[in-house]
S.K.: 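Dropping a structure here in structure tokens format, bear with me for questions.
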Amino acid sequence: MSETIFGKILAGEIPSEFIYEDEHCVAINDINPQAPVHVLVIPRKAIPRLVDAADDDRDLLGHLMLAAGKVAEQLGVADAFRLIVNNGEGAGQTVFHLHLHILAGRGFSEGQMAGFR
Ligand code: 5GP
């Protein structure tokens, strides 16, 4: 659980404010925000990449999407936010513990779709 930075945050080994938490996931502000709102929704279960999720993780994956919507509501950005999962190093994944990025508070053009950084 504690082999990635998110595992350490979840284990309480690195202090971090959970802006949302439930039985299956937590949400934290990204340390290096790429938008005025940049939140990470992180499952308590350590799945390295989205592609490593199994059929058994179906409910958890659905839960993460619903949690992202709740966090967006909580932050007042439910009408305009972008949800991103980077899968693999080539796609920009740097922390190998599955997480959803919620980005909001700035404009997004189609051209920015490929890379939000
Ligand atoms: P990835 O590139 O893997 O999709 O996203 C990892 C994200 O985690 C990056 O946006 C990075 O800024 C963020 N991050 C890395 N280390 C920490 C940390 O210790 N605390 C927080 N809150 N965010 C982190």
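As the structure lists them, so they are numbered: ligands from 1, and atoms in each ligand from 1. Worth saying up front: this structure is predicted, and the values here are computed from it rather than measured.
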S.K.: Are a donor atom and an acceptor atom from the side chains of D59 and H24 found within less than 3.5 Å of each other?
M.R.: no

S.K.: Return the option from V95, T4, D30 holding the heavy atom at the smallest distance from atom 7 (C) of ligand 1.
M.R.: D30

S.K.: Under 4.0 Å from a heavy atom of G92: which atoms of ligand 1 are those, numbered in the order shown and with their elements?
M.R.: 1 (P), 2 (O)

S.K.: Ignoring hydrogens and angles, tell me if any N or O in the side chain of N87 forms a donor-acceptor pair with the backbone of L50 under 3.5 Å.
M.R.: yes

S.K.: I'd like to check L60 versus I47 (side-chain heavy atoms, cut-off strictly below 4.5 Å). Are they in contact?
M.R.: yes

S.K.: If the contact criterion is a heavy-atom separation under 4.0 Å, does F6 count as touching ligand 1?
M.R.: yes

S.K.: Should N86 be counted as touching ligand 1, given the test is an N or O pair under 3.5 Å?
M.R.: yes

S.K.: Taking the six-membered ring where the residue is Trp, are the ring centres of H97 and H99 under 6.0 Å apart?
M.R.: no

S.K.: List ligand 1 atoms under 4.0 Å from I28, heavy atoms only on the residue side.
M.R.: 21 (C), 22 (N)

S.K.: Heavy-atom contacts under 4.0 Å between L40 and ligand 1: side chain, backbone, both, or neither?
M.R.: side chain

S.K.: Using a strict 4.0 Å threshold on nitrogen-to-oxygen distance, state whether D22 and K70 make a salt bridge.
M.R.: no

S.K.: Just let me know how Q34 lines up against ligand 1, side chain, backbone, both or neither, with a heavy-atom cut-off below 4.0 Å.
M.R.: neither

S.K.: Quick one: does H99 get a heavy atom under 4.0 Å from ligand 1?
M.R.: yes

S.K.: Between CZ of R82 and CD1 of I102, what distance do you get to the nearest 0.5 Å?
M.R.: 14.0 Å

S.K.: Is it the side chain, the backbone, both or neither of T94 that has a heavy atom closer than 4.0 Å to ligand 1?
M.R.: both

S.K.: Counting from 1, what ligand 1 atoms have a heavy atom of N32 closer than 4.0 Å?
M.R.: 12 (O)

S.K.: Under 4.5 Å between side-chain heavy atoms, hopping through other hydrophobics if needed: is there a path connecting V37 to L100?
M.R.: yes

